[in-house]
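Notes follow the structure.
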Amino acid sequence: MQLQILKSKIHRVTVTEARLDYIGSITIDQNLMDAAGIFPGERVFIVDNNNGQRFDTYAIAGPRDSGVICLNGAAARKVQVGDIIIIMAYALMTPDEARDFKPAVIFPDTESNKL
C-alpha cells in the first residue's frame, strides 16, 4: 500500500504576481524551492488563506533571492496579489517509510518571502 504524505511545505508566503497570460504554474523563488525540497515541474498544492481557494499546479523556479511567488495562467484567477498562500508537495510512501519521515517545512518572512 502507498500513502500520500506531506513531503514539503512553504508556510505563508505572499503572492507577488498573478499573470493570466502565461501557460500555467506557480513561479517560486529558487531559494524557497531548495529549502523546501520542491523540484521544478513538481506538482504542488496551493491554499489561499485569504479566500479559501485550494488548487494544484506545478512549480517553476524563479530568480534566487527575488521573493517571487507568481501564479500563472488559470491559477492567476484564484488569487490576488498580496494574498497569503501555503504551498505543499506530497510524496507516495509505504507505511514503513511514512512512519519515520519528517517533511521539510519552512516559514519565510511574509513581507519579503525570504528565509
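All figures in this text were calculated on a predicted structure; none of them were measured in a lab. Position 1 is the first residue of the sequence; numbering continues from there.
Nearest heavy-atom pair, Ala36 versus Ile10, reported as atom, atom and distance to 0.1 Å: CB-CG1, 3.7 Å. Residues Ala35 and Ala104 come closest through the heavy atom pair O-CB, 4.2 Å. Here the shortest heavy-atom pairing between Ala59 and Ile38 reads CB-CG2, 3.9 Å. Closest of all the heavy-atom pairs between Ala98 and Ile5 is CB-CG1, 3.7 Å.
The hydrophobic clustering, which links ILVMFWY residues whose side-chain heavy atoms are closer than 4.5 Å, places Phe55 and Leu6 apart. Hydrophobic clustering (ILVMFWY, side-chain heavy atoms < 4.5 Å, transitive): Leu3 and Phe101 are in one cluster. Note on Ile28: it clusters hydrophobically with Leu115, by side-chain heavy-atom contacts below 4.5 Å among ILVMFWY residues. Hydrophobic clustering of Ile, Leu, Val, Met, Phe, Trp and Tyr side chains at less than 4.5 Å, counting indirect connections, unites Ile46 with Val13. By the rule that hydrophobic residues join a cluster once side-chain heavy atoms approach within less than 4.5 Å of another member, Phe45 and Val105 end up as members of separate clusters.
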Report, one line per pair, each donor and acceptor closer than 3.5 Å where one atom sits in a side chain of residues 79-95; sequence neighbours left out.
{"from": "Asp83", "atom 1": "OD2", "to": "Gln80", "atom 2": "N", "distance (Å)": "3.0"}
{"from": "Thr94", "atom 1": "OG1", "to": "Glu97", "atom 2": "N", "distance (Å)": "3.1"}
{"from": "Thr94", "atom 1": "OG1", "to": "Glu97", "atom 2": "OE1", "distance (Å)": "3.3"}

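One distance of note links OG1 of Thr57 with CD of Glu42; it measures 12.0 Å at 0.5 Å rounding. Atom OG in Ser8 sits 10.0 Å away from atom CE in Met33 (nearest 0.5 Å). For the atom pair CZ (Arg12) and CG (Asn49), the distance works out to 5.5 Å, reported to the nearest 0.5 Å. Between Asn31 atom CG and Lys114 atom NZ the span is 8.5 Å, to the nearest 0.5 Å.
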task: Run the numbers on Asn72 and Ile60 for side-chain contact (heavy atoms from CB on, under 4.5 Å), then give the verdict.
output: CA-CA 10 Å; Asn72 302 303; Ile60 61 173; 4.2 Å; yes
task: Report the C-alpha distance between Ile69 and Leu32 in whole Å, list the side-chain angles of each, state the deciding distance to 0.1 Å, and finish with yes or no for side-chain contact (heavy atoms from CB on, under 4.5 Å).
output: CA-CA 10 Å; Ile69 300 292; Leu32 297 178; 4.1 Å; yes
query: Going through the distances and angles, do Asp48 and Lys78 end up as a side-chain contact (heavy atoms from CB on, under 4.5 Å)?
result: CA-CA 8 Å; Asp48 187 316; Lys78 297 186 173 283; over 6 Å; no
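When atom types are taken as modelled, the side chain of Asn113 and the backbone of Thr14 share a donor-acceptor pair closer than 3.5 angstrom.
The side-chain heavy atoms of Gln30 and Pro63, taken from C-beta on, include no pair separated by under 4.5 Å. For the pair Thr110/Pro108, no side-chain contact is recorded, criterion being any heavy-atom separation below 4.5 Å from C-beta on. Counting heavy atoms from C-beta on, the side chains of Val68 and Glu17 come closer than 4.5 Å.
Residues Asp34 and Arg64 are paired through a salt bridge, judged by an N-O separation under 4.0 Å between the basic side chain and the carboxylate. With respect to Asp56 and Arg43, a salt bridge is recorded, a charged nitrogen being found less than 4.0 Å from a carboxylate O.
The environment of Tyr58 atom OH is dense: over 12 non-hydrogen atoms of other residues, nucleotides or ligands sit within 6.0 angstrom.
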